[in-house]
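The sequence lines fix the lettering, A, B, ..., with proteins before strands; numbering per chain opens at 1.
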Amino acid sequence: MLTQAPKGTKDILPRDTHKWNFVESVFREICERRGFAEIRTPVFEYTELFSRGVGETTDIVQKQMYSFADYDGRGLTLRPEGTASVARAFLEHKLYAEPQPSKFAYEISCYRHERQQKGRQREFHQFGVECFGSADMLADAEVIALAADFFAALGVRGVELRVNSIGCPACRGGHREALRAFLSPKRDALCDTCKTRFDRNPMRILDCKSPVCGELVKGAPSMLDYLCDACREDFAALRRNLDALGIAFEVDAGIVRGLDYYTKTAFEFVSNRIGAQGTVCGGGRYDHLIEELGGPPTPGVGFGLGIERLLLLMEAEDARIPPAKGADAYIAYLGEGAKLAGLGLLRRLRAAGLRAEMDGPARNLKGQLKRADRLGARFAIVIGEEELAANAALLKDMVSGEQRRVARDEILSALAADFRERKE
RNA sequence: GUGGGUAUCGUCAAGCGGUUAAGACCCAGGGUUGUGGUUCCUGUAUGCGUGGGUUCGAUUCCCACUACCCACCCCA
């Protein structure tokens, strides 16, 4: 038990961290170029933030939150998602007084008590962006484009963009009634969960994966037919914007977000290559969230993008991830005098910005070169009795196998010349 | 919360009632005291997830538990 990470959590080991660093650096660059500035918020928040923000009736709030009382008796919760925290920070620091819209980007860990499976953990990580203060569909298109550009920059091909409009509170009511009227005669045939959805949130039935419900739902009134004029025009504008940006998409009336704060635009980037949890990125518009949290009416749009799922997808696609960088130089030595001379050299190489390594206790030369090889060292520097006496060292190119003797003081410039050559 | 599957060395695994518990990879050491990635040799599980049973005997059969995986649900 002591040697086991909690259920649903995973260590990210040194052999994998370069992959994380890679996608992180690409994400940062993409966001920076579009003016989405990084924001960092706490891992936990007061519980009410999520129950109000995410919605009392959602699964997340009802049964998935890691909530606890601290020593002062305050109810705290490990964040199950990112948007609520960013919205809170936006209000707390009155960022709405700054030039609008405000655009944020972040990378966070999230916590949800779920039964784990492929692509679903209890602690997971996501990239996210939020854009507050613009009701224009240009913002939605920009947010979607950012995700699309991110996938493209990583060379990820197997994701499809699905977009939908789930309307605003005004038009959703009409659709709900129409849906109930349509399904009412078939109610008994619905699957058990959908029977309960019928009263609570009939829209979810459209999204049910059971083949029975899928059949029953055929021909059901689509939300898209019940959009009010404003929502319909916005949805059309979004599609025009995406076309103008050259972003391929599919309208999918089945896309329904599981968090209460969403309005109008809902979208997902999905893949069928990473198991049942195919949504790599999901987001949409939330025009009433800020108000719900007690702020001035402020529209917003954003997404969350699952990093574990992204990495799963990249693995499935054999996407190119730059390999971890090996050492630049490895110093091998024979004898105590050579060891000390090597130590001095080691420090100079590092000061010059190289990744240089040397080990003790000494193995034989063969063992040391083997070690250099394992470390992916570009060069081995051998200092033995002869070299020590001559104030020199053997510089061995680990790729070509060539080696030559150079004065110890000139190793740095010899290496510098070589690294420069290879760069050109 | 509900199903189903799997549990033998760091990893991938063979064994399916009586074996010194294969093999491969990895790792460590070595091939006559100075050369890696190739090759050759050597070494590494008193142990088969945990606890009970059945049996003369259990890694092999039965039960329970636990963990992991996959799916439902939900979502990133």
If you look at every strand shown and take non-hydrogen atoms under 4.0 Å, does [X] touch a base, only sugar-phosphate, or nothing?
X        : result
A:Ile307 : nothing
A:Glu387 : base
A:Gly401 : base
A:Gln403 : base
A:Lys63  : nothing
A:Glu385 : base
A:Cys281 : sugar-phosphate
A:Glu268 : nothing
A:Val399 : base
A:Gly275 : sugar-phosphate

Student check: side-chain heavy atoms of [X] and [Y] closer than 4.5 Å:
X        : Y        : answer
A:Ile321 : A:Glu315 : no
A:Arg176 : A:Tyr226 : no
A:Glu142 : A:Lys103 : yes
A:Tyr106 : A:Phe36  : no

Return the pairing partner of [N] with a 3.5 Å limit on both distances, Watson-Crick or G-U wobble; otherwise return none.
N      : value
B:rA7  : B:rU66
B:rG34 : none
B:rU2  : B:rA71
B:rA21 : none

[atom1] atoms of [N] and [M], separation to the nearest Å:
N      : M      : atom1 : result
B:rG43 : B:rA58 : C1'   : 30 Å
B:rG47 : B:rG10 : C1'   : 16 Å
B:rU20 : B:rG30 : P     : 33 Å
B:rA13 : B:rU6  : P     : 14 Å
B:rU55 : B:rG18 : C1'   : 12 Å
B:rU66 : B:rC40 : P     : 48 Å
B:rA64 : B:rG4  : P     : 12 Å
B:rG1  : B:rC62 : C1'   : 29 Å

Considering only side-chain heavy atoms of A:Lys396, which listed nucleotide, B:rC70, B:rG36, B:rA76, is closest?
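Of all the options, the side chain of A:Lys396 is nearest to B:rG36.
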Closest listed nucleotide, where the reference is the side chain of A:Phe124 and the choices are B:rG34, B:rA76, B:rC70:
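For the A:Phe124 side chain, the nearest candidate turns out to be B:rA76.
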Can you tell me whether the side chain of [X] and the base of [N] have a donor-acceptor pair closer than 3.5 Å?
X        : N      : result
A:Arg374 : B:rC27 : no
A:Gln368 : B:rU35 : no
A:Asp373 : B:rG37 : no

Tell me which of A:His125 and A:Leu334 sits closer to the 5' end of RNA chain B, going by the nucleotide each one is nearest to.
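Between the two, 5'-proximity favours A:Leu334.
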Would you find a donor on one side and an acceptor on the other, under 3.5 Å apart, between the side chain of [X] and the backbone of [Y]?
X        : Y        : value
A:Asp16  : A:Ile12  : no
A:Glu385 : A:Gly335 : no
A:Arg34  : A:Ile30  : yes
A:His125 : A:Ile307 : no

Rounded distance (Å) that lies between atom [atom2] of [N] and atom [atom1] of [X]:
X        : N      : atom1 : atom2 : answer
A:Ile381 : B:rG36 : CD1   : P     : 18 Å
A:Ile274 : B:rC75 : CD1   : P     : 16 Å
A:Phe267 : B:rC75 : CZ    : C1'   : 14 Å
A:Lys370 : B:rA28 : NZ    : P     : 7 Å
A:Phe150 : B:rA76 : CZ    : P     : 16 Å
A:Gln117 : B:rC73 : CD    : P     : 10 Å
A:Arg115 : B:rG5  : CZ    : P     : 14 Å
A:Glu114 : B:rC70 : CD    : P     : 14 Å

Is there a side-chain contact between A:Asn364 and the phosphate of B:rG30, meaning an N or O under 4.0 Å from OP1 or OP2?
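Yes, A:Asn364 has a side-chain N/O under 4.0 Å of OP1/OP2 on B:rG30.
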May I ask you to verify if any side-chain N or O of A:Lys366 is less than 4.0 angstrom from the OP1 or OP2 atom of B:rG34?
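No.
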Where does B:rG47 fall, syn or anti, if syn means a chi angle no more than 90° from 0?
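Base orientation: syn.
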